[in-house]
Structures are given as C-alpha cells and as structure tokens.
Asks: 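Shown below is the structure under consideration.
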Amino acid sequence: MENFTFYSPTFFAFGKDAEKDTGKLVRRFGGTKVLIHYGGGSVVRSGLLDRVKASLEQEEIPYIELGGVKPNPRSGLVYEGIDLCRANGVDFVLAVGGGSTIDSAKAIAAGVVYDGDFWDFYSGKYIEEALPVGTILTIAAAGSEGSPDSVITNENGMFKRGATGDAIRPKFSILNPALTQTLPPYQTACGITDIMAHLYERYLTNTPEVEVTDRLIEALLLTMVHEGPRVIEDPNNYEARANIMWAGMMAHNNSCGVGRSQDWNSHNIEHELSALYDCAHGAGLAVTMPAVFTYVMQHDVMRFAQIAVRLWGCQMDFAHPEVTAKAGIEAFRRFLISIGMPKNFEELGAKEEDIPKLVKTLCYGDGRTGSISGFVTLNEEDCANIYKMMV
C-alpha cells in the first residue's frame, strides 16, 4: 500500500424529505447569498426546486437561479455562472440535480475566485480555492456529491476533461433516495453503470497488497449486482434506491481508492464518445469497459481473475487464469446488457468511421502528447484497437 492523505469533510443528510433542511444547512456552512444551479424540467415539475426555494426563504437567505445544465455539462454555462455570481455577490453555490449539475456548480465555484480561465483547472491545475458548494442529489451515478472531482466539456474543441481539488468537495450533500424514484429505467441503469465503473477503475491497480480497499470495492460491486436488477424491476423500491445512492457516494469519494494506483483509461476513452455523440456517460462506459478490460487483461491476468471469482462467482482455473479472467469480463458485460445498457457502437449511436477522430482527440487533444496512462499506458494504436473492439 502506498502512502496517502485522505480528507473528506462533506456533511451528509440522508433520507426522506432531507431537502427540507436545505436553508439550515446553507446557513450552517456560511452561505449568505446563493446561486441555485440546476438542469431543466424534472426538478421543476417534481416541485423539488420550489421546496428548496421555500427552505432558503424560511432562513431568509437570498438566492438567484441558473438553470440549463445539460448532460455532459458545457463550458459556456460555467462562464455564464461565474459572471452571474460575481455580479450578484454570491458566496455559496447550491447544485440541485445529478452529477452534471454538481460538476457544473463546482466549476463555477472554482472559477468565481480565480483570476484566470477556469479551464486551467481542467488542463491540470489543482483547485486550491473555491466558493463553498452544497448539493441536492437527484440521481445516483457520478458520485460528485462526495468527491473532489468535476468533469466539463469545453465547447471550443469539445474536449471533455476533469479537474480535482479538496476545495470543491461539497460542504454538505442532501441524499433523499425518494428523489430518484421517478427516473426512467435507462437513466437508472446508466447510473448503476457509472458507479460500477468508478469501482472497477480503482480495482485495476498496479499497487500490491491492497486487500482492505480490494474488499471494500468488491462489497460495493456486490451491492450493485444485487440492487441493480431489483430497482430496474421495481423503480419505487426505496430500500434498493437507498443502497444504490449510498454506494454511489462511497464509490467515488475515494475511500476505496486511497493507497493504490488507479486506472481511469475507460473513463478517458468514453469521454470522447459522450463529447462527440452526447450519449449518456454510463451508456458509453457500458460499451467501453468490456473492450478495455479485454485489451489490457494480460497486463495482470490474476487481478481480473480475482474479481471474476469474488464478484461474479467464476471458478478459478489456476492452470489457465486467463479463462477465468475472460469469464469475469463476459459476466460483467452480460450484467450491463441485462439492465438495459448498449453493447456496441451501433446501439450507442457511435460510428466506426469516426474512430480516427476519436483517437486524435483522445491522445492529442488539449495538450496530451500521444498516449493516456493508467493501469496500462495506451498509445494511438492501442486506443484505435479498443474502439474497433466496440464496433
């Protein structure tokens, strides 16, 4: 296990009607004027936005609004939010929505107090300072409600990149599983896939002797395998929703990733798909991960065999561990298909003729120098081969 530091100060308010305490929590964490940041219709139609406003008004906390966040959130709205906050003296950013809304809110919070272009943070600069952020989560997926991370798509080139810094960990996050019960099955399945991706990306490590975090990851993956089909069958199953929501937070606040190298090549490869085609991130990951895992399996076949046995119940073939490893990857692929995820480029809406463009942006876009690194370093040829495996 490697040396590490871990700082995760987010206050979580979990359970039914937890959003009623929004105003009290904003005040507790120093907010005196709030930007309410959200997406579109669902938070309005459900009445959630009105309940949030009422809670702020009860605490006599003024607010302004900025809606319009889209899946795969865009830089243009971030710039608009930064200007809006500065012009109105906002000192707290409140995200009401899913991971896209939270990521956009984090980018705004970092940009408001920064003299340069906020995109500097998405080009490698660590976020040292930001306005405080609070979240009210409406979909269990990205884990941004507990993480120091944010992903934004720059419309100048359509680069989808991430930024990080403990300054953008939310001060509080309100997690009411009932708010996710109205999600369509496809969105629920995309969220489940994203959560599992966050766990697999940490499991693929080159650091030896990390049994504690291995077991934590396996436990959360087992939870998703159990609860995923239950919630797809019965969207109103509150207990299944609750377990998935908390697993989603634990999957990405990095408690499962400390002391070990991590992968993230699947995420990087998928980001090009959702940037170009605007597909759901989870759907893109469902197509990407089995291809990546199959391609890199021989780098550490026993790691893939281990999770095949511990998660998917495969029989270990010590003489031919690659057989066990492949069986585990296939079991994962079948599970994703069973909950409604796409299995190839065609079902995702991607095109084989775009592979050279995808590879160029992936390997050279926004300052990259020809490869991406994680569990295995992948060059242009590797990335092209992986995309071809998805066709």
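In this chain, residues are counted from 1 in sequence order. Every heavy atom of this structure was used, including side-chain atoms; hydrogens, water molecules and symmetry mates were not. The structure displayed is predicted, hence computed values, not measured ones.
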Asks: Would you say N154 and D366 are linked by a side-chain donor-acceptor pair, where the criterion is simply a distance under 3.5 Å?
Replies: no
Asks: Tell me if the aromatic rings of W264 and H252 count as close, with their centers under 6.0 Å from one another.
Replies: yes
Asks: Check the pair T138, T180 against side-chain contact (heavy atoms from CB on, under 4.5 Å), reporting the backbone distance first and the verdict last.
Replies: CA-CA 5 Å; T138 60; T180 70; 5.7 Å; no
Asks: Should R74 and D278 count as an ion pair when the cut-off is N to O under 4.0 Å?
Replies: yes
Asks: Would you say CD of E322 has more than 12 non-hydrogen atoms from neighbouring residues, nucleotides or ligands within 6.0 angstrom?
Replies: yes
Asks: So which pairs with a foot in residues 164-181 pass salt bridge (Lys or Arg N to Asp or Glu O under 4.0 Å), sequence neighbours left out?
Replies: D166-R169
Asks: Let's go through I102 and L137 carefully: what are the C-alpha distance in whole Å and the side-chain angles of both, what is the deciding distance for side-chain contact (heavy atoms from CB on, under 4.5 Å) to 0.1 Å, and is it a yes or a no?
Replies: CA-CA 8 Å; I102 299 170; L137 187 64; 3.9 Å; yes
Asks: Under 6.0 Å between ring centres: does that hold for F121 and Y114?
Replies: yes
Asks: Quick check: are there more than 12 heavy atoms from other residues, nucleotides or ligands sitting under 6.0 Å from CD of E347?
Replies: yes
Asks: Do you know which two heavy atoms are closest between N265 and F375, and how far apart they sit?
Replies: ND2-N, 4.3 Å
Asks: Do F293 and F304 have ring centres separated by under 6.0 Å?
Replies: yes
Asks: Considering only NZ, NE, NH1 and NH2 on the basic side and carboxylate oxygens on the acidic side, decide whether K53 and E65 come within less than 4.0 Å.
Replies: yes
Asks: Which residues end up grouped with V323 if you chain together Ile, Leu, Val, Met, Phe, Trp and Tyr wherever their side-chain heavy atoms are less than 4.5 Å apart?
Replies: none
Asks: Which atoms form the tightest heavy-atom contact between K160 and S274, and what is the distance?
Replies: NZ-OG, 2.7 Å
Asks: Pick from K24, R27, K20: which one makes a salt bridge (charged side-chain N to carboxylate O under 4.0 Å, His left out) with E59?
Replies: R27
Asks: Any Lys/Arg nitrogen of R260 or D214 sitting under 4.0 Å from an Asp/Glu carboxylate oxygen of the other?
Replies: yes
Asks: Do the charged groups of R45 and D50 touch, with an N to O distance under 4.0 Å?
Replies: no
Asks: Tell me if the aromatic rings of Y79 and F118 count as close, with their centers under 6.0 Å from one another.
Replies: yes
Asks: State whether F11 and R28 meet the cation-pi test: NZ (Lys) or CZ (Arg) under 6.0 Å from the six-membered ring centroid, and within 45° of the perpendicular axis.
Replies: yes
Asks: A quick test of your reading: do over 12 heavy atoms of other residues, nucleotides or ligands sit less than 6.0 Å from CD of E352?
Replies: no
Asks: Using 4.0 Å as the upper bound for N to carboxylate O, is an ion pair formed by R310 and E211?
Replies: yes
Asks: Taking the six-membered ring of Y63 as reference, does the cationic atom of K33 (NZ for Lys, CZ for Arg) lie under 6.0 Å from its centre and within 45° of its axis?
Replies: no
Asks: What are the two closest non-hydrogen atoms of T205 and V210, and how far apart are they?
Replies: CG2-CG2, 4.1 Å
Asks: Can K388 and E381 be counted as an ion pair, charged N to O under 4.0 angstrom?
Replies: no
Asks: Around atom CG of N236, are there more than 12 heavy atoms of other residues, nucleotides or ligands at under 6.0 Å?
Replies: yes
Asks: Count the heavy atoms of every other residue, nucleotide or ligand shown that sit under 6.0 Å from CD of E233, and state whether that count exceeds 12.
Replies: no
Asks: Looking at P342 and L348, what are the two nearest heavy atoms and their distance?
Replies: CG-CD1, 4.0 Å
